[in-house]
Amino acid sequence: MLTGSAEKHLKKTFGNRVRFNEPMSRHTTIRIGGPADAVVYPEGIEELKALLKWADAENIPAGVFGDGTNLLVRDGGIRGIVILLSKGFRDISEPCEDGGFFMITAGAGARLAALCRAALKHSLKGLNYAVGIPGTIGGAVAMNAGTKTGETADVIDAVQVVFAGKEPEWIGRNDLNFSYRKLSWEETGEKPVIVQARFRLEKGDVNRLQSEADALISARKSSQPTTRPNAGCFFKNPANEKPAGLLIERAGLKGAESGGAMISEKHANFIVNTGNANASDVLDLMEKARREVKKRFNVQLETEVIITGEEA
Ligand code: EPU
């Protein structure tokens, strides 16, 4: 819980851009999650810097969330401040040529889909792996979002970040520690806020890029439950094993339900909210899928979805 004086400070600084006790179900695509003490929308880098510095000094946990597309917030919600980057963090630049590549810079709060459209408009190749992936640029970088055809790390030139109390800095691709669905900050010991990313693209053929994108979108629509609230692929595909969705299906779990949550009948690596699921329903199915897959195939599934927040 925030103290009265912390609430007062936030209210005074952010006016109607702070909401207290805000249900995270409004900020996750699976539409689940207990309340955050505060959700704050800083407008631009100066406000963000000041907010991080203040929260750090007050010992209030503060973290940036994207569109919550790969996120499960437990039913007790989040203590501290959820920062959402929208106005002031959504710009997508025109391409600029550099060393044979074409660079586009995008704000962390911009949508990955908008970046894909911008690249296509300029006949730039490299981003089709991301076509159909929901969420923000910040989220895509933080999670190294990807598909079978590529991942964010492949096209990143540099990322601009802010560490609490410091000035924004650019970190080049060679100094970023990307791995499967992860950007790790172990070496810095502190996780900064990603504010912008520069993408390194190449000239391509617009018709070819467009038809490739169309095919990827329709493959996604036919194999994934895109019209029901979900958090994306729930588990990582285990290395050197069959994909998680196939293992869960073979364990006989398609359509399994717990409260308002269900293992998708369309794709077994998705858990969908059929209406009024809470986080504990989803966690119940997650455990069940893990248990059955371990029992039948001796494979330990690891979650791709980030699970955060307190229990109810
Ligand atoms: N399969 C089943 N049953 C299922 C689901 C899948 O048998 O219920 C089989 C499919 O028939 C196929 C194999 O499993 O032979 C792989 O399935 P799919 O082609 O759907 O791909 P995936 O490995 O499940 C990955 C990414 C997705 C991404 C797709 C398309 C992971 C964990 N998943 O899914 O990413 O959209 O490829 O490129 O890397 C995400 O990361 O949130 C995500 C959805």
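All residue numbers refer to positions in the sequence shown, counting from 1. Atoms within each ligand, like the ligands themselves, are counted from 1 in listed order. As a basis for the values below, the full set of heavy atoms in this structure was taken, side chains included, without hydrogen atoms, waters or symmetry mates.
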**Student:** Fit a plane to each ring of His9 and Trp54, take the angle between them on a 0 to 90° scale, and name the class: parallel (under 30°), tilted (30 to 60°) or perpendicular (over 60°).
**Tutor:**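 Ring orientation of His9 relative to Trp54: parallel.
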
**Student:** Between the side chains of Glu249 and His267, does any donor sit under 3.5 Å from an acceptor?
**Tutor:**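 Absent: no donor and acceptor within the cut-off.
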
**Student:** As a test of reading the model: which N/O atoms of the protein lie under 3.5 Å from N/O atoms of ligand 1, and at what distance?
**Tutor:**
| residue | atom | partner | partner atom | Å |
| --- | --- | --- | --- | --- |
| ligand 1 | 3 (N) | Glu249 | OE1 | 2.6 |
| ligand 1 | 7 (O) | Glu249 | OE1 | 3.4 |
| ligand 1 | 8 (O) | Glu249 | OE1 | 3.3 |
| ligand 1 | 8 (O) | Lys254 | NZ | 3.4 |
| ligand 1 | 8 (O) | Ala268 | N | 2.7 |
| ligand 1 | 19 (O) | Lys148 | NZ | 2.5 |
| ligand 1 | 20 (O) | His267 | NE2 | 2.8 |
| ligand 1 | 21 (O) | Lys148 | NZ | 3.1 |
| ligand 1 | 23 (O) | Asn237 | ND2 | 2.7 |
| ligand 1 | 24 (O) | His267 | NE2 | 2.9 |
| ligand 1 | 36 (O) | Arg220 | NH2 | 3.2 |
| ligand 1 | 36 (O) | Gln224 | NE2 | 2.9 |
| ligand 1 | 38 (O) | Lys148 | N | 3.2 |
| ligand 1 | 39 (O) | Tyr180 | OH | 3.1 |
| ligand 1 | 39 (O) | Arg181 | NH2 | 3.2 |
| ligand 1 | 41 (O) | Glu304 | OE1 | 3.4 |
| ligand 1 | 41 (O) | Glu304 | OE2 | 2.6 |
| ligand 1 | 42 (O) | Cys233 | N | 2.8 |
| ligand 1 | 42 (O) | Glu304 | OE2 | 3.2 |

**Student:** Pairing donors with acceptors under 3.5 angstrom, does anything connect the side chains of Asn278 and Ser280?
**Tutor:**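 Looking only at side-chain atoms, Ser280 and Asn278 do form a donor-acceptor pair, the distance falling under 3.5 Å.
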
**Student:** So if I apply the side-chain contact (heavy atoms from CB on, under 4.5 Å) rule between Leu253 and each of Ile263, Leu285, Leu247, which one comes out positive?
**Tutor:**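 The side-chain contact (heavy atoms from CB on, under 4.5 Å) with Leu253 is passed solely by Ile263 among Ile263, Leu285, Leu247.
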
**Student:** Give me the other members of the hydrophobic cluster that Phe65 sits in, counting Ile, Leu, Val, Met, Phe, Trp and Tyr linked by side-chain heavy atoms under 4.5 Å, directly or via other members.
**Tutor:**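 The other cluster members (ILVMFWY side chains, heavy atoms under 4.5 Å, direct or chained) are Met24, Val39, Tyr41, Leu71, Val73, Ile78, Val82, Leu84, Met143, Ile306.
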
**Student:** With distance as the sole test, does Asn128 use its side chain to make a donor-acceptor pair with the main-chain N or O of Leu209 at under 3.5 Å?
**Tutor:**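 Between the backbone of Leu209 and the side chain of Asn128 there is a qualifying donor-acceptor contact (under 3.5 Å).
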
